[in-house]
Amino acid sequence: MKKNLSNVPFVSVENMMRLILEIGVEDCIASIAQYIEQDFRRWPLFDKTPRVASHSTDGVIELMPTSDGIDYGFKYVNGHPKNMKEGLQTVTAFGLLASVETGYPVLLSEMTVLTALRTAATSAVATKYLARKDSKTLALIGNGAQAEFQALALKKICGIETVRLYDIDPAATAKCMRNLAGSGLKLIACTTGQEAIEGADVVTTCTADKSYATILTDNMVGAGMHINGIGGDCPGKTELHKDILLRSDIYVEYPPQTRIEGDIQQLPADYPVKELWQVLTGEIPGRENDRAITLFDGVGFAIEDFSALRWLRDRLAQTDKYIMLDMIADPDDPRDLFGMVLREKGRMETV
Ligand code: NAD
């Protein structure tokens, strides 16, 4: 018998927020991190390509596809640092999961909020494997849309207790302090990046500026630190001074993409970097000693979105936080698409 595959579950922004509140933000991130870890451990079997980017003066629009041979997923995402000044998000996204067997979509979802969860989960996975085990203090530089998610992920998964916050816009830091009050984290607002980084074990930079910015200079980074550099994610958009890169053990998601988009775009194309998934599988060691500086040059890779969509699909089996969309034209006789349109005309005339 023919399966009804024409109606596709759709998770709206409203339903995503309700789902997250029902589960709890930290538990969502922890659960997505488990899916990311599972997928990183089976990294070689995925289709991989650097994301397809369309650049303009003000930003970038990207498509991020991948497949594990059973499911296929892609995300549409933009990055427009100037949007914030106009009251718009810097990053917005939606995504889709489809069956490789039929090619039919099985899930469509908002991904602006989901991207913040998966980006935080990815930073936490990197920190879990690369930071010193006794890390307790996070310097969070860039206190915009991603920031609270980053802080909560590192609290939940890596045992961070104190967050030192800095943003060039004090209003962003104040917003972050308000949103994280009651999280159990000790919060310290700082007036410079230098002050924020004092005593930090882990530093996450998530600033947005379409330029070669220098959020961290070499003298700010001490022995034993772990850095998640997640805001440098586009050609011409970096956050770290080149000298920091030269002192660090650098870990990336997918080198062909990170060499174009990450902070390592400042280095020669053959500069040695390590792949994070290989640390998870045990193929390469992570942190070598307590004095090493480790850098996760995160740009966001399609497999992380795929993991997040897999997580969401599994969650939908236990919740009503979605609607069904009449998304795929599916005539009873697959060759009679035209007849299906004509029959609708008949139905319209009888109404
Ligand atoms: P956002 O615009 O909401 O916030 C960015 C913040 O950075 C703002 O508050 C801004 O005032 C601050 N800022 C800019 N320049 C600064 C500087 N020199 N020093 C300190 N603060 C500074 O953006 P967002 O959604 O939070 O995203 C942050 C960055 O992360 C963006 O560059 C985005 O493209 C990137 N991002 C990366 C990933 C990934 O997977 N790696 C995922 C999502 C977003």
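Each ligand, and each atom within it, is numbered from 1 in the order the structure gives.
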In ligand 1, which numbered atoms sit nearer than 4.0 Å to a non-hydrogen atom of Thr90? 1 (P), 2 (O), 23 (O)
Scan side-chain atoms only and decide if Asn219 and Thr217 contain a donor-acceptor pair under the 3.5 Å cut-off. yes
Within the 6.0 Å centroid threshold, strictly below: Phe46 and Phe306: yes
Considering Lys82, Gln146, Arg118 one by one, which has a heavy atom nearer to atom 40 (O) of ligand 1 than any of the others? Arg118
Residues passing the side chain to side chain donor-acceptor pair (under 3.5 Å) test with Ser135, sequence neighbours excluded, are none
Which residue in the set Leu309, Leu107, Leu19 passes side-chain contact (heavy atoms from CB on, under 4.5 Å) when paired with Val11? Leu107
Which of the atoms of ligand 1 are close to Asp233, meaning less than 4.0 Å from one of its heavy atoms? 33 (C), 34 (O), 35 (C), 36 (N), 37 (C)
May I ask you to identify the nearest protein heavy atom to atom 17 (C) of ligand 1, giving residue, atom name and distance to one decimal place in Å? Ile215 CD1, 3.5 Å
According to ring-ring contact (aromatic ring centres under 6.0 Å, His included), who are the partners of Tyr254, at least two apart in sequence or on a separate chain? Phe301
For Gly300, the ligand 1 atoms with a heavy-atom partner under 4.0 Å come out as 39 (C), 40 (O), 41 (N)
Any N/O of Gly231 closer than 3.5 Å to an N/O of ligand 1? yes
Which residue, Ile160, Thr162, Thr127, forms the side-chain contact (heavy atoms from CB on, under 4.5 Å) with Leu138? Ile160
Considering Asn78, Asp167, Thr207 one by one, which has a heavy atom nearer to atom 12 (C) of ligand 1 than any of the others? Asp167
So which heavy atom in the protein is nearest atom 32 (O) of ligand 1, and how far is it from that ligand atom? Lys237 NZ, 2.7 Å
Counting heavy atoms only, which of Ala172, Cys176, Cys206, Ser211 is nearest atom 28 (C) of ligand 1? Cys206
